[in-house]
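Let me begin by presenting the structure, written as structure tokens, before commenting on it.
Index from 1, following the sequence.
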Amino acid sequence: MEYTGSQYIGEYVDGRMEGEAEYILPTKTKYVGEMKDGMFHGQGTLYFPSGSRHDAIWEKGLVVKVSLNSPIWTHLEKSLRAVMTVGTASITRPRG
């Protein structure tokens, strides 16, 4: 899940991002939550530069359950597709 220009604050297990963490994308969108095997996994929140946030349950880097009770939404982030695009933009898939 390494994305050029991103910042990771958290622990590593066997060289992979794991546990409670903070992951900041170059766009200043910030993920705060659980990581497993280098991916968003478990409860986590995306904080957008606009001030809105997206609370969700993640599995292997993808949203599996959305909380529509997130306090502040802009109409762009309210689109699940827009949120999924932000969430999956940081996933590095194996080559080959």
Side-chain angles (χ1 to χ4, degrees):
M1 188 168 219
E2 303 268 345
Y3 186 93
T4 305
S6 294
Q7 179 184 8
Y8 174 72
I9 302 164
E11 307 245 345
Y12 289 87
V13 174
D14 295 326
R16 306 285 292 182
M17 296 178 277
E18 189 97 14
E20 289 293 319
E22 197 170 302
Y23 190 86
I24 305 165
L25 295 156
T27 61
K28 303 301 179 205
T29 296
K30 176 172 62 172
Y31 172 81
V32 176
E34 300 173 61
M35 303 282 286
K36 183 177 179 183
D37 197 28
M39 294 179 274
F40 301 166
H41 193 88
Q43 284 193 318
T45 302
L46 279 175
Y47 294 92
F48 295 91
S50 65
S52 63
R53 63 188 270 177
H54 174 70
D55 301 306
I57 305 293
W58 303 78
E59 191 172 302
K60 297 182 181 177
L62 300 174
V63 172
V64 294
K65 185 175 181 183
V66 178
S67 171
L68 296 178
N69 295 323
S70 294
I72 303 169
W73 287 92
T74 64
H75 78 282
L76 175 63
E77 286 91 12
K78 200 166 188 175
S79 160
L80 181 56
R81 184 173 182 185
V83 171
M84 293 291 289
T85 300
V86 170
T88 59
S90 61
I91 298 172
T92 304
R93 303 213 185 270
R95 295 181 185 200

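Residues that satisfy the side-chain contact (heavy atoms from CB on, under 4.5 Å) test with Gln43, not counting sequence neighbours, are Glu34, Ile57.
Phe40 and Val63 fall within a single hydrophobic cluster, where Ile, Leu, Val, Met, Phe, Trp and Tyr side chains are chained together by heavy-atom contacts under 4.5 Å. When hydrophobic clusters are built by joining Ile, Leu, Val, Met, Phe, Trp and Tyr residues whose side-chain heavy atoms come closer than 4.5 Å, directly or via intermediates, Ile9 is not grouped with Tyr12. One hydrophobic cluster, built from ILVMFWY side chains closer than 4.5 Å, holds both Leu25 and Trp58.
Here the closest non-hydrogen pair linking Ser6 and Pro26 is OG-CD, 3.5 Å. Nearest heavy-atom pair, Glu18 versus Tyr8, reported as atom, atom and distance to 0.1 Å: N-OH, 3.4 Å. Minimum heavy-atom separation, Thr29 to Pro49: OG1-CD, 3.5 Å.
You'll find the side chain of Lys60 stays beyond 4.5 Å of the side chain of Asp37, heavy atoms only. Residues Arg53 and Phe48 form no side-chain contact, since every pair of their non-hydrogen atoms from C-beta on lies 4.5 Å or further apart.
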Subject >> His41 and Met35: CA distance, side-chain angles, deciding distance, side chain to side chain contact (heavy atoms under 4.5 Å, CB included) verdict >> reply: CA-CA 5 Å; His41 193 88; Met35 303 282 286; over 6 Å; no
**OP:** Dump the intermediate steps for side chain to side chain contact (heavy atoms under 4.5 Å, CB included) on Tyr31 and Glu22, then the final yes or no.
**Re:** CA-CA 6 Å; Tyr31 172 81; Glu22 197 170 302; over 6 Å; no
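Separating the CE atom in Met17 from the CE atom in Met39 is a distance of 9.5 Å, to the nearest 0.5 Å.
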